[in-house]
Amino acid sequence: MSHPLVEQFVDALWLEKGLSDNTLASYRSDLTHFAAWLDGEGGSLLAVDGLTLQQYLAHRLDLGLKASSTARMLSVLRRFFQYLHREQLRADDPSVLIAGPKLPKRLPKDLSEQQVSRLLQAPEVGDPLELRDKAMLELLYATGLRVSELVSLSMESVSLRQGLVRVTGKGNKERLVPMGEEALYWLTSYLKEARPVLLGEQPSDVVFPSRRARQMTRQTFWHRIKHYALRAGITMELSPHTLRHAFATHLLNHGADLRVVQLLLGHSDLSTTQIYTHVANHRLSVLHEQHHPRG
């Protein structure tokens, strides 16, 4: 059960920042877990001190939770206590002096263009369900959409005539993304041949419905990606953003401007996009060593 102060904070975030439902649910869940732990320790959100916050973060690490998860939790706690302090519900902010756990510098998992090609060829397009997946994979790689954006696409957000997808991303920000000829071909084929079969007689505005003619969950499509990766003989560990990472990295490898990639990905801050330049630059340096006469 959520705490009243947590609900007040989440409502304020919704009003101020326009964050997505998924982000708000994550904040609510993290803070509810913290409030429950604090209650078990005999503490309260309005009286907890910095030492107790550190004990909670240590408790999470003792449970075997990743440092990245604990770093995210600390970020949520900081935002929460800043809010309580700003609203004069607390005289201080107990999170101010707490240092976050050290995180290893991690680059996105990167698929080569050959691996992406094998993955995209994995679905058996004679099967309506797999033709749907083929269109989803092609569109994902062609546009760099987040999986959550892909599964929530509505028919009115897709223009086959213009070859564009209108996406509502984080913070309810809209962007237009071109889909390219290959993705447009497979999306058109899917809409004509497979989508009516999957829907039957049921009306739906969802571009990629599930077997039950409803909006597919991110988790379901993620399982489908892993299924096709195995079929394609791709054994590396993948993430839900693997094709998004590949989209960005491969664009940069072929000379795309970083700011263009930023707009296509829907990043509000260029520094978020710059992580991909590390991957692209590494590949360029390897190619230079292999092929340049003075490499």
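The structure displayed is predicted, hence computed values, not measured ones.
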Hey, what else clusters with Leu164 if you join Ile, Leu, Val, Met, Phe, Trp, Tyr whenever side-chain heavy atoms sit under 4.5 Å?
none

Is a salt bridge present between [X] and [Y], judged by a nitrogen-to-oxygen distance below 4.0 Å?
X: Glu130; Y: Arg231; value: yes
X: Arg72; Y: Asp30; value: yes
X: Glu7; Y: Arg28; value: yes

Report, as yes or no, whether the 6.0 Å neighbourhood of atom [atom1] on [X] holds more than 12 heavy atoms from other residues, nucleotides or ligands.
X: His33; atom1: NE2; result: no
X: Leu97; atom1: CG; result: no
X: Asp21; atom1: CG; result: no

For the residue pair Tyr56 and Trp37, categorise the inter-ring angle as parallel (less than 30°), tilted (30 to 60°) or perpendicular (more than 60°).
tilted

Taking the six-membered ring for Trp, are Tyr83 and Phe9 parallel (under 30°), tilted (30 to 60°) or perpendicular (over 60°)?
tilted

What I'd like to find out is whether the side chain of [X] reaches to under 4.5 Å of the side chain of [Y], using heavy atoms alone.
X: Tyr141; Y: Leu120; result: yes
X: Leu65; Y: Met73; result: no
X: Leu46; Y: Leu89; result: yes
X: Arg132; Y: Met216; result: yes

Pair [X], [Y]: side-chain N/O donor-acceptor within cut-off below 3.5 Å:
X: Glu113; Y: Ser117; answer: no
X: Arg224; Y: Tyr228; answer: yes
X: Ser29; Y: Thr32; answer: no

Using the side chain to side chain contact (heavy atoms under 4.5 Å, CB included) rule, take Arg211 and Leu198 through it: C-alpha gap first, then chi angles, then the decisive distance, then the call.
CA-CA 6 Å; Arg211 293 173 187 269; Leu198 295 176; over 6 Å; no

May I ask you to decide if [Y]'s main-chain N or O and [X]'s side chain share a donor-acceptor pair within less than 3.5 Å?
X: Ser152; Y: Ser148; answer: yes
X: Arg90; Y: Leu84; answer: no
X: Arg78; Y: Ile98; answer: yes

Is the Phe208 to Tyr190 ring centre distance short of 6.0 Å?
yes

Identify which one of Thr188, Leu131, Val125 satisfies the side chain to side chain contact (heavy atoms under 4.5 Å, CB included) criterion when paired with Glu193.
Leu131

Run the side chain to side chain contact (heavy atoms under 4.5 Å, CB included) test on Leu150 and Thr143 for me, step by step, so that the C-alpha distance in whole Å, both residues' side-chain angles and the decisive distance to 0.1 Å come before the verdict.
CA-CA 10 Å; Leu150 179 77; Thr143 60; 5.9 Å; no

